[in-house]
Peer 1: 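Below is the structure I would like to discuss, written out as structure tokens.
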Amino acid sequence: MSESVVDTVSHQTGETLVDVQDLKTYYEDGGLLGSDPVKAVDGVNFEIARGETFGLVGESGCGKTTLGRTLIQLETATSGAVSFDGTDITELSGGDLKEWRRNAQMVFQDPESSLNDRMTVGEIIREPLDVHEQGTARERREKVRTLLDQVGLMPEHYYRYPHQFSGGQRQRIGIARALALEPEFVVLDEPVSALDVSVQAQILNLLEELQEEFGLTYLFIAHDLSVVRHICDRVGVMYLGNLMEVGPTEQLFQSPENPYTRALLSAIPEPDPTVQVDRITLPGSPPSPRDPPEGCPFATRCPVRIRPEDIDASDAVWDRIREFRDVIRERSRAEQSVGERLKERLGFDTALADSEEIVEEEFDDVTLPPDVQEHVEQAATYLSDGDPDAARAYLREVFGGQCDTETPQYYDVDDRQMSFCHRHAQEHVSPGEELRQRGYDTHDG
Amino acid sequence: MSHTEDGEPLLAVDNLRTVFHSDKEEIRAVDGVSFDIERGETLGIVGESGSGKSVTARSIMGLVDSPGEIREESSIRLDGRELTALSEKQYRSVRGGDIAMVFQDPLSSLNPVYTVGNQIIEALELHRDMEGAEAKSEAIELLRAVGIPDAARRVDEFPHEFSGGMRQRAVIAMALACDPDLLICDEPTTALDVTIQAQILDLLQEIQAKRDIGIMFITHDMGVIAEVADRVAVMYAGEVVEQAPVEELFANPHHPYTQGLLQSIPGRNPSTDRLPTIEGDVPTPHESASYCRFVSRCPKGFDECERVHPAHVEVGESADHTAACLLYPEDMPTDDTVTQHEENADQTGVEADEALSADDWPAERRKASEDTGPEDSDARADGGHGHSAGDTGGHSEGGGSDE
Ligand code: SF4
Ligand code: SF4
């Protein structure tokens with residue numbers, strides 16, 4: 001790879017290639033009989049324009065990989081539509097599906113496990129051509145040689161085995177294979193996450209060059225936001241199966257609107273020791289996609305969640321309430337898990353344990369307003385009665401606001417930028433303003 | 001940051017050489033590495049796979065097993081006490097006692113068949129002579145201290161019942177159970193999501209401030225380095241190629257490898273269309289030679305780089321900023337610098353580990369370094385005889401490059 005500086009030739013046409021409508025992908029993961037399905041993708045809408053690179057970011061378990069796989073029918077959609085050039089591909093089957101698949105390929109994160117080590121590099125790249133019976137054997141070999149050259153490998157690599165290559169080169173092989181059938185659309189699933197920084201840059205450059213050369217459309221899935229910022233035209237931010245915000249990359253990175261996007265971006269460590277980041281450190285971890293919150297998916301961790309008006313408490317008290325609810329939710333979840341059942345059978349009984357102790361631990365250093373105190377005690381009573389589910393429901397009832405009960409809608413927050421949050425509605429204080437009021441530093445006005 | 005009473009740094013690593021033997025050859029995974037860590041200070045060690053950073057950590061922990069070996073000339077002193085001479089039994093009390101380690105994968109430090117609490121209690125029994133109810137309540141306290149809610153219940157849970165971030169917190173609680181002076185963190189947040197990473201980095205900083213421990217923080221992520229480190233050592237193919245205070249390193253990188261590393265971070269230069277890259281891969285540990293290990297990828301390399309092994313030289317503005325590259329000292333014509341590096345290699349040989357500080361340069365040649373060279377420089381010469389090295393630890397990338 002050369003250190004080239006090529007002018008950006010945008011191949012974006014503005015014409016929609018992939019149109020995703022209210023897509024849901026749920027799956028049973030072989031857990032308990034009759035348990036809830038994993039709601040990996042839970043109602044997502046967006047479009048990808050021909051020739052653009054659309055980035056999908058989010059933390060592990062947010063559903064971005066499942067979404068990518070559903071777009072190329074490696075997973076079956078539970079509901080909703082994915083139209084590709086006008087055809088709803090979730091409806092395709094048999095020969096039509098096979099034919100369409102040529103058009104959409106995937107590059108995987110781990111070049112190590114995605115390449116068959118018993119095949120030569122040439123065979124690996126040629127395999128899709130063989131499967132789809134493209135041309136004569138000779139033409140296929142010729143095509144493979146061209147591909148090797150296009151991804152920066154040597155003709156003699158044809159007869160080598162993947163294990164003889166470094167990670168970066170293996171990823172080049174994966175890319176060559178994905179391009180063999182000359183697809184229009186390529187899903188890149190964390191294509192550089194397993195690589196060292198200096199090698200990452202080589203692969204990113206290669207991907208950009210190939211896109212320009214062949215007019216490819218990319219869906220780029222990554223958790224590394226700096227990589228996404230570098231390579232993507234537009235970005236969608238996912239959380240717990242939902243798209244929280246979508247917008248043009250630079251715009252979204254510079255002025256994120258959604259509370260989750262703000263927190264996520266503020267968490268990236270800047271490679272500059274002189275920068276003092278105004279970090280919004282989120283508490284806890286994302287809830288299980290099997291048991292997502294009912295209102296907004298981000299409600300359990302959101303720093304600006306809308307509070308019910310009838311309770312007047314300080315930020316510190318609200319913070320403890322949030323933690324307390326986390327603990328209770330965790331307990332009601334543990335209650336249902338196999339491990340807990342086993343323990344019960346073995347004579348342990350943790351559900352009954354120490355509800356006073358939890359209250360003590362959570363609230364010992366704050367003074368609770370009388371109504372809050374009352375609610376907390378009531379929940380503790382449910383808990384000591386061995387009913388964490390009731391405690392959980394009660395707390396949601398008294399402390400939950402709009403964010404706990406209503407699913408937000410999408411609001412246009414800027415040119416081509418949409419955010420999924422109640423706070424963009426007229427009657428509410430905006431996320432940025434509310435963050436400031438709750439004592440976070442933010443840059444925007 | 002403070003010195004211990006006798007003026008010794010908390011940790012002093014001197015000319016560390018860790019080699020691995022195979023049938024045919026010797027692999028120099030760590031080859032003449034020197035650095036200090038003070039109490040309350042975080043030294044960031046940055047490098048790619050194959051740089052030897054993990055082997056350095058394992059060497060300090062006394063975890064290098066056959067066919068690996070720490071060469072005799074190496075010295076690792078903790079609070080003035082030489083560790084390389086310890087028996088395995090003695091080392092065991094250092095490990096998990098004075099020094100604790102947090103790995104990338106928390107599951108590697110947790111035993112799946114014991115509850116989290118029992119593992120912390122075991123550490124407390126071993127290193128702090130606690131028992132029974134006292135140990136249990138201390139375990140709960142520690143879990144609280146690392147931010148695990150509902151600790152009294154979770155203390156009885158098994159590692160698999162914890163989320164990834166919670167597991168790493170539990171490992172940190174275990175590390176704290178032995179009240180260590182030095183905490184070695186090897187990519188502790190690499191496997192975590194960024195919002196969880198932020199929590200863990202906050203936690204480590206809080207712990208450090210409270211307990212005044214020294215931290216050696218290994219990562220490949222320049223963003224994390226910028227955030228946590230006071231000083232940084234950049235490793236490449238078994239050697240430290242540049243060392244500096246963190247602001248100085250980012251503002252004023254001198255070694256061509258550090259420069260390339262900083263330039264290739266996506267997003268650091270959002271205006272550039274194509275990322276500048278460092279050609280090729282980290283060299284594999286199979287060849288042996290006396291030369292600059294970076295020469296095959298160095299955009300500034302020249303003929304002499306193939307035959308002279310560079311020593312550490314004071315560079316830049318900051319007193320404790322050194323780089324091992326034939327281009328320096330900056331104000332000297334390259335012919336002279338090369339001769340100087342060459343002579344230094346000849347004189348000192350393998351045994352040497354003293355600094356090639358400004359004082360080693362003829363007075364008339366050291367205009368630039370003059371005013372910056374302190375009496376007590378942290379710079380240390382690399383021993384000279386360079387062989388190729390690599391990280392033979394678990395995640396070495398690409399055993400066989402075919403370029
Ligand atoms: S809807 Fe509520 S919980 Fe969700 S992001 Fe907006 S403020 Fe936060
Ligand atoms: S010694 Fe030569 S090859 Fe090595 S870093 Fe300096 S200029 Fe580059």
Side-chain angles (χ1 to χ4, degrees), chain A residues 1 3-8 59-60 157 160 163-169 195-202 204-205 208 223 225-227 229-231 250 263-264 267-275 277 279 281-283 285 323 326-327 330-331 334 337 339 348 350 353-354 357-358 361-362, chain B residues 48-50 144 149-153 156-158 160-161 163-166 193-199 201-202 220-229 246-247 249-251 260-262 264-268 270 272-279 281-282 297 299 397-403:
Chain A
M1 284 287 302
E3 199 177 304
S4 53
V5 179
V6 182
D7 283 340
T8 344
E59 302 177 86
S60 42
H157 292 159
R160 304 258 175 91
H163 66 85
Q164 296 172 292
F165 291 82
S166 66
Q169 287 170 316
L195 307 175
D196 278 320
V197 190
S198 69
V199 182
Q200 263 189 10
Q202 298 168 17
L204 291 175
N205 287 350
E208 292 196 282
H223 69 280
L225 295 150
S226 57
V227 167
R229 184 170 193 172
H230 178 78
I231 199 168
E250 259 327 287
L264 183 70
I268 311 170
E270 282 273 341
D272 181 349
T274 59
V275 168
V277 275
R279 178 161 297 157
T281 304
L282 293 179
S285 18
E323 252 177 60
D326 265 359
V327 167
E330 191 54 35
R331 288 209 169 189
S337 79
F348 295 94
T350 53
D354 53 42
E357 207 173 292
I358 308 170
E361 182 182 328
E362 284 305 331
Chain B
E48 299 176 87
S49 329
R144 270 186 204 141
D150 206 5
R153 183 180 65 94
D156 292 325
E157 288 193 337
F158 291 87
H160 75 265
E161 295 175 271
S163 68
M166 285 294 168
D193 285 314
V194 335
T195 64
I196 309 296
Q197 166 169 288
Q199 297 170 359
L201 296 181
D202 284 356
H220 69 284
D221 185 328
M222 281 298 202
V224 172
I225 280 286
E227 182 161 328
V228 302
V246 67
E247 286 89 5
L249 187 94
F250 278 78
L261 209 55
L262 288 172
S264 62
I265 303 173
R268 198 170 137 92
T272 47
D273 202 35
R274 287 286 184 270
L275 288 170
T277 63
I278 305 174
E279 301 298 303
D281 297 305
V282 182
R297 305 171 78 190
E397 184 192 317
S401 164
D402 60 338
E403 302 226 318

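This one's a predicted model, so the numbers in the text were calculated from it and none came from an experiment. The sequence lines fix the lettering, A, B, ..., with proteins before strands; numbering per chain opens at 1.
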Peer 1: Below 4.5 Å from any heavy atom of chain A, which atoms of B:S163 appear? Answer side chain, backbone, both or neither.
Peer 2: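 The side chain, not the backbone.
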Peer 1: Restricting to salt bridge (Lys or Arg N to Asp or Glu O under 4.0 Å), what partner residues turn up for B:R144, sequence neighbours left out?
Peer 2: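 Counting only residues at least two positions away or on another chain, B:R144 forms a salt bridge (Lys or Arg N to Asp or Glu O under 4.0 Å) with A:E361, B:E141.
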Peer 1: Is the backbone N or O of B:E48 less than 3.5 Å from a side-chain atom of A:D196, with the two atoms forming a donor-acceptor pair by type?
Peer 2: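 Side chain of A:D196 to backbone of B:E48: no pair is present.
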Peer 1: Given heavy-atom pairs under 4.5 angstrom as the criterion, report whether the side chain, backbone, both or neither of A:T281 touches chain B.
Peer 2: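 Answer is side chain: those atoms of A:T281 sit under 4.5 Å from chain B.
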Peer 1: Please flag which part of A:L282 lies under 4.5 Å from any non-hydrogen atom of chain B: side chain, backbone, both or neither.
Peer 2: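 A:L282 touches chain B through backbone and side-chain heavy atoms alike.
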Peer 1: Could you verify whether a donor N or O on one side chain and an acceptor N or O on the other, from B:D193 and B:T195, lie under 3.5 Å apart?
Peer 2: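 There is no such pair (donor and acceptor under 3.5 Å, judged by atom type) between the side chains of B:D193 and B:T195.
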Peer 1: Would a distance-only check, ignoring hydrogens and angles, find a side-chain to backbone donor-acceptor pair under 3.5 Å from A:E208 to A:N205?
Peer 2: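 Side chain of A:E208 to backbone of A:N205: no pair is present.
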Peer 1: Please classify the contact of A:E270 with chain B as side chain, backbone, both or neither, using a heavy-atom distance under 4.5 Å.
Peer 2: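 When you check distances to chain B, only backbone atoms of A:E270 fall under 4.5 Å.
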Peer 1: Counting heavy-atom pairs closer than 4.5 Å to chain B, which one of A:P283, A:S60, A:A263 comes out on top?
Peer 2: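 The residue among A:P283, A:S60, A:A263 with the greatest pair count is A:S60.
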Peer 1: Mind checking what makes salt bridge (Lys or Arg N to Asp or Glu O under 4.0 Å) contact with A:E362, not counting sequence neighbours?
Peer 2: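 Not a single residue meets the salt bridge (Lys or Arg N to Asp or Glu O under 4.0 Å) criterion with A:E362.
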